[in-house]
Protein chains: 2
Amino acid sequence: MTDSPNDVTPDRLSKADALPPSDQHAQQYVAVRNAHETELLEDYVELIADLLQHQGEARSTDIAARMGVSQATVSKTVARLKALELVSSKPYRSLFLTKKGEAMAAMSHQRHAIVLKFLRALGVSDRTARIDAEGMEHHVSQETLDIMQRFTRERER
Amino acid sequence: MTDSPNDVTPDRLSKADALPPSDQHAQQYVAVRNAHETELLEDYVELIADLLQHQGEARSTDIAARMGVSQATVSKTVARLKALELVSSKPYRSLFLTKKGEAMAAMSHQRHAIVLKFLRALGVSDRTARIDAEGMEHHVSQETLDIMQRFTRERER
DNA sequence: TTAATATTTTAGCCAAGGTTAACTTGTAGG
DNA sequence: CCTACAAGTTAACCTTGGCTAAAATATTAA
Ligand SMILES: [Mn+2]
Ligand SMILES: [Mn+2]
Ligand SMILES: [Mn+2]
Ligand SMILES: [Mn+2]
């Protein structure tokens with residue numbers, strides 16, 4: 001009891017965009033859930049790499065301050081990073097990245113930079129670009145990244 | 001013991017981009033965590049609105065299939081949506097949106113459409129654009145949305 | 001009308017990511 | 001060398017968002 005008898009592909013100018021096929025639709029959400037699984041890990045290793053590079057040390061106090069969470073939260077997340085062999089450290093000492101952690105940090109950093117530069121090239125203010133990039137970066141496919149990079153390069157010529 | 005004695009702002013061509021001030025950096029992550037809090041709710045009300053519009057009914061089977069999760073998961077999330085007064089329903093019956101739910105759905109839908117059209121206008125394939133938009137939409141500020149919309153309009157002329 | 005099937009809910013489980021409070025360890029000054 | 005304070009860890013708790021298995025309800029078809 002929706003509209004016309006045989007509504008296969010509604011004519012132009014009809015209601016709204018049709019829903020994608022059920023299984024394809026589901027894959028959209030699956031992709032998002034997958035991204036969320038690694039998101040925090042990526043941000044942590046990226047931040048640790050930055051701290052090592054800029055301050056020579058990655059202390060959990062600094063991480064807590066920069067992430068805006070308590071030190072207890074950092075402790076727990078670091079435990080997870082260690083279990084995943086992304087980070088190594090001795091108790092009460094500075095954190096370091098394993099090879100695996102460095103690889104992840106490098107990838108994440110690169111992707112983050114591409115998204116951030118793209119947003120600025122688009123005309124977004126620095127402050128907003130930084131905030132949006134922090135979330136968007138985890139949901140941008142390689143195809144889109146390539147396009148963003150090309151766009152930014154052209155704008156900069 | 002990092003590098004030069006007085007490294008305030010490292011000269012051009014030095015290491016890498018400096019870290020933003022600690023508190024500003026923290027706000028980036030805070031913004032992301034806030035977005036994640038409402039993300040699933042937004043996707044649900046958006047989907048429910050779509051189903052109501054396109055099939056006349058929003059059954060939890062369909063939601064489960066389209067979200068790629070079990071029906072039990074849908075039941076629990078719907079309980080939360082009802083507690084938040086976004087959805088109403090009688091047990092074992094179809095779901096409906098409250099005024100509040102409709103408002104949220106309308107906003108989410110609009111934002112989703114802007115991001116999706118923008119990605120397509122940029123040259124991203126339909127399939128990828130849909131996947132990326134599903135995640136990105138929750139992390140795009142109003143400022144960026146406005147810019148995306150302008151960009152899309154210009155490309156379409 | 002009843003029996004089979006489909007749908008929805010409930011219960012019990014789990015991991016992630018956050019909190020506060022209390023305890024332990026490290027470090028710097030006197 | 002000791003003592004105060006800073007930094008890090010641990011314990012106990014909470015919410016969200018997944019899952020499976022079992023129970024309850026609705027629908028359909030014989
Ligand atoms: Mn990042
Ligand atoms: Mn991020
Ligand atoms: Mn959406
Ligand atoms: Mn979404």
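Chain identifiers are assigned alphabetically (A, B, ...) following the order of the sequence lines, protein sequences preceding nucleic acid strands; residue numbering begins at 1 within each chain. Heavy-atom basis, side chains included; hydrogens, waters and symmetry copies ignored.
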[X]: which residues meet the side-chain contact (heavy atoms from CB on, under 4.5 Å) condition with it, sequence neighbours left out?
| X | value |
| --- | --- |
| A/I63 | A/Y44, A/L47, A/I48, A/L51, A/M67, A/V74, A/L95 |
| B/A26 | none |
| B/P21 | B/D23, B/Q24 |

In terms of side-chain heavy atoms of B/S70, which of D/dG18, C/dT19, D/dC19 is nearest?
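Taking heavy atoms from C-beta onward, the closest nucleotide is D/dC19.
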Can you list everything that forms a salt bridge (charged side-chain N to carboxylate O under 4.0 Å, His left out) with A/E57? Sequence neighbours excluded, please.
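Scan of A/E57 (salt bridge (charged side-chain N to carboxylate O under 4.0 Å, His left out), adjacent residues dropped) gives A/R59.
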Please list, chain by chain and in numerical order, all residues satisfying salt bridge (charged side-chain N to carboxylate O under 4.0 Å, His left out) with A/E46, sequence neighbours excluded.
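Result, salt bridge (charged side-chain N to carboxylate O under 4.0 Å, His left out) vs A/E46: none returned.
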With rounding to the nearest 0.5 angstrom, report the NE2 to CD distance, B/H112 to B/E137.
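Reported value, rounded in 0.5 Å steps: 4.5 Å.
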Quick one, give me the B/S/- string for nucleotides 1-12 of chain D, reading 5' to 3', where B means a protein heavy atom under 4.0 Å from the base and S means that only happens at the primed atoms, P, OP1 or OP2.
------SBBB--
Not counting sequence neighbours, list each pair that qualifies as a side chain to side chain donor-acceptor pair (under 3.5 Å) and has a residue in residues 140-154 of chain A.
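Sorted pair list: A/S141-A/T144, A/S141-B/D132, A/Q142-A/D146, A/E143-B/S125, A/E143-B/T128, A/T144-B/D132.
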May I have the distance from B/R33 (atom CZ) to D/dT15 (atom C1'), rounded to whole angstrom?
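My rounded result for the distance is 15 Å.
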Which pairs with one or both residues in residues 127-149 of chain A pass ring-ring contact (aromatic ring centres under 6.0 Å, His included), sequence neighbours excluded?
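Sorted result for residues 127-149 of chain A: A/H36-A/H139, A/H139-B/H139.
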Check each residue of residues 19-31 of chain A for a non-hydrogen atom within less than 4.0 Å of any atom in DNA chain D, then write out the ones that pass by number, or none.
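Contacts with DNA chain D under 4.0 Å: none.
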